[in-house]
Structures are given as structure tokens and as C-alpha cells.
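As C-alpha cells, the structure follows; a few thoughts come after it.
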There are 2 protein chains.
Amino acid sequence: MRRVTLDDVANLAGVSPITVSRVLRKPDAVSQGLRLRVEAAVTELGYVTNVAASRLASSRSHAIGVIVPTLYNVIFAEYLFALHEVLIEHGFQLIVVNSRYSEIEEENAIKALLGQRVEAIIIAGVNHTTLSRQLLIQAHVPVVETFELSADPININIGMSQELAGHAATRHLLDRGLRRIAFLTGNLDRRAQSRLDGYGIAMEEAGLAGMNVIARIPRHSSVALGSDLFSEMRLRGDLPEAIFCTDDNLALGAMQECRKHGIRMPDDISIIGFHDLEFAACASPSLSSIATRRYETGKLAAEKVLASLNASTKSGVETFDLGFALVPRESTAG
Amino acid sequence: MRRVTLDDVANLAGVSPITVSRVLRKPDAVSQGLRLRVEAAVTELGYVTNVAASRLASSRSHAIGVIVPTLYNVIFAEYLFALHEVLIEHGFQLIVVNSRYSEIEEENAIKALLGQRVEAIIIAGVNHTTLSRQLLIQAHVPVVETFELSADPININIGMSQELAGHAATRHLLDRGLRRIAFLTGNLDRRAQSRLDGYGIAMEEAGLAGMNVIARIPRHSSVALGSDLFSEMRLRGDLPEAIFCTDDNLALGAMQECRKHGIRMPDDISIIGFHDLEFAACASPSLSSIATRRYETGKLAAEKVLASLNASTKSGVETFDLGFALVPRESTAG
DNA sequence: ATGAAAGCGCTAACAA
DNA sequence: TTGTTAGCGCTTTCAT
């Protein structure tokens with residue numbers, strides 16, 4: 001039950017192995033006669049190239065490593081979609097690994113990817129362990145850090161200021177005269193933490209430093225979690241005038257609870273989410289949010305990788321701030 | 001800028017390459033003295049195993065191929081989560097490829113995975129091109145087909161009857177005396193088609209064959225699409241008594257439209273979804289749905305793969321029907 | 001346009 | 001426990 005090899009195909013076609021290899025990789029370099037014979041033999045034997053052998057011999061993996069904290073989130077799905085779209089087109093394989101929001105797992109992921117001799121690494125986030133950072137630098141491959149802005153990028157950085165976005169959302173509520181503003185969140189990953197920082201700064205600027213309310217249950221973000229977070233505040237008899245959710249899913253859950261208990265939006269309570277997911281515009285009331293650019297982040301990351309790989313010279317540090325946009329809708333129409 | 005190899009480490013540690021290899025793979029087979037020296041050398045040089053060389057030499061890839069139609073869907077995220085959980089633990093790498101709901105792309109994905117010499121293939125769906133099926137059979141690796149039941153499984157089949165589930169949802173509405181029942185869907189992939197078949201059969205059994213209403217817009221399923229589908233029916237002045245959505249997301253979108261236009265649920269219209277996503281229980285009204293077992297499907301698939309790989313004998317055909325459950329809630333409380 | 005020789009970096013099998 | 005030898009299946013380089 002031995003697997004079919006190049007040599008088997010070559011024997012059947014009556015040519016040398018290298019000719020078969022050429023037919024498969026650069027068909028134009030082979031005369032039509034031989035090419036047809038080889039192609040027939042390939043089909044007859046059901047030959048499939050052994051990628052490991054090919055990678056070893058050519059010392060090219062045609063693989064690009066991608067690290068995301070989770071696959072359980074549309075945000076990263078949209079981003080991966082863009083990466084796929086561009087890179088697969090150019091003959092690269094994507095090796096996607098999730099770090100489950102852990103810097104230690106991220107470090108292991110980086111080692112695994114380097115073992116695969118990936119030709120570039122695209123990694124969500126800008127905070128890494130010391131060893132991770134060192135490995136990424138020593139790898140001598142293009143490295144793209146995404147979703148946040150780094151004070152000290154390894155190579156290419158494509159992101160936005162999560163803190164400014166959190167600040168903008170909070171300001172929006174403050175500008176409508178709302179003062180008791182709660183921040184709702186699930187697990188506080190780095191990006192959620194930055195948004196929280198932005199919230200804190202805005203509150204302080206408004207002279208409301210003492211009024212911060214942070215509702216947090218350490219679970220992954222979901223509509224159900226939004227309901228739970230809201231319920232908890234309500235049962236505590238501690239409903240604020242406004243809510244800033246780290247995530248539109250949480251906001252939707254909170255809105256469902258409001259409706260269930262006859263709490264009017266935005267009359268009794270204003271709600272703003274984050275990311276501007278697809279459903280935000282069609283919710284009722286429509287949900288105010290901060291629009292972020294997941295697709296564009298992935299697209300640009302992929303393009304920068306391609307550019308780096310084609311460039312003869314090693315590129316220096318480059319930063320791209322893709323920004324965000326406040327999208328005011330009915331849920332905060334004061 | 002040559003990459004560090006086993007030989008480099010061996011030279012530095014003053015041992016033979018195979019000893020380094022052993023320290024990395026079966027440390028217990030090496031004396032402590034040498035092991036420590038080798039480990040020091042590995043750290044000093046920042047050595048990372050070249051996976052391609054390792055795979056070629058050992059003719060083991062420790063990789064498992066997974067094909068899903070999309071990453072853009074919680075259903076598959078939950079399933080992948082389970083696969084990861086079990087298989088990573090056992091030292092396997094997952095190579096996840098998406099076929100974008102295309103049988104041709106699925107065929108290419110299979111070829112790519114075979115090129116990687118994956119040790120098993122786990123594939124969502126039971127319908128493949130003739131060549132795909134042939135490749136899967138000839139690969140002589142465990143093959144698991146999931147999410148549906150096959151009349152003729154290649155090897156292991158873990159799924160449920162999408163048709164019976166569609167039938168059960170429709171019956172549930174019929175049993176409440178509802179007669180004008182619409183079926184809402186986005187892209188009609190195989191599974192959605194089967195649910196539609198189940199709907200058709202139930203309608204026919206109830207003597208309502210002529211009353212089928214199918215609202216379909218060929219986009220990927222989402223809350224926004226549910227809104228659009230509902231709007232279209234409403235503007236056509238053609239609102240049914242009940243709606244069966246292929247997906248809870250569509251149902252949520254439809255519910256939002258109802259609320260926006262003062263259409264009461266379930267008084268004016270009953271709605272049932274599919275998959276029982278997390279938010280179904282906390283929606284308002286709570287959403288009736290068909291609960292499906294994505295996590296369990298992934299878990300069992302992973303376990304069966306492990307069992308097959310450990311078994312000395314090639315396993316025959318096995319089928320596991322994981323079933324589904326009707327979860328009646330307020331949205332259909334007639 | 002085609003082929004021969006050598007070797008990519010590792011591990012299996014065997015020997016010491 | 002450690003090392004030697006050979007080779008996994010392909011592609012590079014250099015010849016023809």
C-alpha cells in the first residue's frame with residue numbers, strides 16, 4: 001500500500017523524475033508530447049505531490065502562519081476571510097492557529113509555525129511574551145501585527161487605537177448629557193481592556209471619575225452574556241442611564257432584557273455597542289456602535305505580506321492606523 | 001542567514017544528530033547528562049525542528065485534514081472547537097480548509113490535504129464529486145463525514161437527518177393549527193435543502209401541498225438577511241401565519257422586523273428557527289428552535305479518528321445518528 | 001528541452 | 001544508552 005511517488009509516474013511515462021516534476025510545476029518548460037504522457041500517467045496513478053518532500057527540497061513552504069485568539073468570533077472570521085481571499089489566490093497555504101487569548105499558547109503557536117518554516121507570520125495583537133518577540137524577530141520573515149497599534153512594532157503593524165475608540169463611544173454618551181454610564185464586558189482581553197481604559201479616561205475628563213461602573217463576567221462574549229450582565233445590574237437595583245458594551249453581541253443581549261422588562265431605549269436607557277456587526281442596523285431600536293475595519297485589516301495585512309515577500313530588501317517598521325467610526329443610531333438618540 | 005539544523009545543535013553539544021533528535025522526541029531514552037547538554041544547545045541556538053524534514057523521514061505527518069464549507073458560521077466554529085480540543089491534545093495538527101460550499105473547491109481541498117499526507121480526513125457533508133469520493137477511498141486513511149446521514153458512507157458517518165428535523169419543525173407549527181407556513185432561507189446548501197424537503201413533506205402530509213411559501217435570497221445567512229426576507233414578504237402584503245427559518249439568525253432578523261411593525265409573536269405570527277443558538281433562549285419572545293449537536297459531532301468525530309488510527313485493523317463503515325431535539329418556546333406558544 | 005547527480009534535514013533500523 | 005548508515009521524495013544545479 002505504498003504511496004505513489006514521482007518515480008512511479010516517471011517510470012510509467014518513460015521519462016526522468018525531474019521531467020515529471022517540471023510538468024507539475026512549470027508545464028511550459030516541457031514539450032507537449034512529454035507533457036501529455038506525464039499527465040496521463042499522473043491521472044492513471046492518482047499521483048499527488050508529497051508536500052513535505054517538496055518543501056524540504058525547495059526550502060520553500062509556500063505557507064503563511066496566522067495566529068488569532070479564537071475562531072469563535074465573527075470579527076476574526078471576517079479578518080480570516082480577507083486573508084484567505086488574497087493569499088490563497090497567490091498560491092499560499094494558510095496555517096491558522098488559535099492562541100485562546102493566552103500569551104503562552106501564542107508562544108507555542110509561534111514555535112509550531114516556525115517549525116513549519118512559514119514564510120510570514122500574521123498575528124492578532126501586539127503584546128507578546130519576551131521569547132515570542134525574540135522568536136518573531138529572529139525568524140527573519142515578514143511579521144504583521146494587527147488590530148491594535150504598537151508603541152514598538154516588530155515589523156508591520158496594521159490596527160487602530162482601541163483606547164481612542166472606547167473614549168469616543170463614552171464621549172458620545174456623555175455628550176448626550178448622560179452621566180451614569182456602565183461598561184459591560186466579558187473576558188477582558190487586551191483590546192477590551194484598552195476600550196475600558198478609554199472609557200475611564202473619558203469619564204475622568206468629564207469629572208465623573210468616581211462614577212465608573214464596570215459589569216464583568218469572565219465568559220466569552222455572547223448575546224446570552226449580555227442578558228446576564230444586564231440582569232445582574234437590574235436585580236441589584238442599579239440600572240445606569242447608559243451602557244457601553246465591549247461588543248454588539250452584549251448590547252443585543254442587554255436590549256433583549258430591556259424589552260422584556262419594559263425599559264425603553266433610549267428614553268430610559270441608552271446603549272452603544274462595538275464593532276458595528278451586521279445586525280446593529282436592523283435591530284429595534286437600531287443600535288449605535290463603533291464601526292471597525294476587520295476586512296480591511298486582513299486585506300491590507302495580506303497585501304503587505306505579499307509585498308514584503310516580493311521585495312528584495314528587508315522592509316523596516318511600518319505602521320498603518322485604519323481608524324474607526326462612530327455610528328450613532330436610535331439606541332442613543334437623545 | 002542559514003536556519004539552525006539538528007547538526008548544528010549536535011556539534012555544539014558534542015553529540016550525534018540522532019541523540020538530539022531523541023532528546024526532542026523521546027527524552028526518556030537519553031541519559032540526563034547528555035539531555036541537559038543538548039537542551040542547553042537547543043536553547044542557545046534557538047533551534048526549531050523542521051517539520052517538513054521530520055515528516056519526510058518518519059513518513060508521519062501528525063496532521064489531520066478538516067474540510068468545512070465556511071468559517072463564517074458559529075455552527076462550524078463550535079464543531080472545530082471540539083475537534084481542536086480533542087485532537088491537539090493528542091499531538092495532532094489540524095489543517096482546516098474551507099470549501100466555500102462548492103464541491104469543486106472541496107475536491108481541490110481534498111487533493112491539497114492528501115498532498116500533506118494527512119492521517120485522517122474529517123469532512124462536513126456527505127455529497128462529493130465522483131473524483132472526490134474516489135480520492136477519499138483510495139487515500140486509505142480514516143474518513144469521517146459529518147452533519148448529515150449518508151445512504152452510502154465512505155467510512156465513518158456522524159450526523160443527523162436534516163430532513164426529519166425540517167419535518168419536525170414544520171409539524172410543530174401544523175400541530176398548533178397553523179396552515180399558512182413560510183420557509184425562509186438564504187443560500188440553499190445541501191443541509192438547508194434537506195430541511196426544505198422535510199418542510200415540503202410535512203406540508204403535503206397535512207394536505208397543504210399547494211400552500212408552500214418559500215422566501216429565499218441567495219446570500220449567506222445572517223440576522224440582516226432575516227430582516228430582508230421578512231420585509232420582502234411584508235411589503236408584498238403576503239404575511240403567513242407562521243415562519244420556519246433555516247437558521248436562528250434569520251429568525252432573529254424576522255423577529256426584529258415584526259417588532260418594528262407591531263406584529264405580535266406568537267399572536268399574529270409564530271416563528272421557529274433552527275440550531276438553537278445561544279441567544280434563542282434569551283430572545284424576547286424566546287425563540288422556538290431545533291437543537292442540533294455541533295459540539296458532540298466534533299467530539300465524536302475526533303474520538304473516532306483517534307480510535308481508527310490506534311486500531312491495527314482498518315475499520316468498516318459505521319454510522320452514528322446524533323439526532324436533534326425540538327425546543328418549543330414562546331415564539332410558537334399557540 | 002531533458003537528464004544525472006547531489007542533497008534538503010530529519011528519523012528508522014541496525015550496530016556497538 | 002549512543003552512534004552509524006541509509007534513505008524518505010522531492011528539487012536544485014549543472015550538464016548535455
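As the structure is a computational prediction, the values presented were derived from the model and not from experiment. Throughout, protein chains are lettered first and strands after them, A, B, ... in sequence-line order, and every chain is numbered starting at 1.
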Open item on the list: What is the first contacted nucleotide of DNA chain D and what is the last, in 5' to 3' order, if contact means an atom lying under 4.0 angstrom from a heavy atom of chain B?
Closed with: D:dT1 to D:dG9
Open item on the list: Once side-chain contact (heavy atoms from CB on, under 4.5 Å) is applied, do any residues pair with A:V51, and if so which ones, sequence neighbours excluded?
Closed with: A:R55, B:Q116
- [ ] Only counting residues at least two apart or in another chain, list the ones meeting side-chain contact (heavy atoms from CB on, under 4.5 Å) with B:A302.
- [x] B:L83, B:V86, B:L87
Task: Residues which pass side-chain contact (heavy atoms from CB on, under 4.5 Å) with A:N11, listed by chain and number, not counting sequence neighbours - done: none
Open item on the list: Quick check on contacts: within residues 31-44 of chain A, what sits under 4.0 Å from DNA chain D by heavy-atom distance?
Closed with: none
Open item on the list: Filter on side-chain hydrogen bond (donor to acceptor under 3.5 Å, both in side chains), then keep only pairs touching residues 59-71 of chain B, sequence neighbours left out; what's left?
Closed with: B:R60-B:E119
Open item on the list: Holding to side-chain contact (heavy atoms from CB on, under 4.5 Å), I want the full list of residues that pass it with A:E296, two or more places apart in sequence or in another chain.
Closed with: A:R293, A:L322
- [ ] Assign a letter to each nucleotide of nucleotides 7-16 of chain C from its 5' end: B, base within under 4.0 Å of a protein heavy atom; S, sugar-phosphate only; -, no contact.
- [x] BBBBBBB---
Open item on the list: Using the ring-ring contact (aromatic ring centres under 6.0 Å, His included) criterion, which residues pair with A:Y79? Sequence neighbours excluded.
Closed with: A:F147
Open item on the list: For residues 15-26 of chain A, which residue pairs pass the salt bridge (Lys or Arg N to Asp or Glu O under 4.0 Å) check, not counting sequence neighbours?
Closed with: none
TODO: Nearest 0.5 Å please: distance from the CG atom of A:N155 over to the CG atom of A:L136.
DONE: 10.0 Å
Task: Contacts of A:R37 that satisfy salt bridge (charged side-chain N to carboxylate O under 4.0 Å, His left out) - sequence neighbours left out - done: none
Task: Partner residues of A:F81 under the ring-ring contact (aromatic ring centres under 6.0 Å, His included) criterion, sequence neighbours left out - done: B:Y72
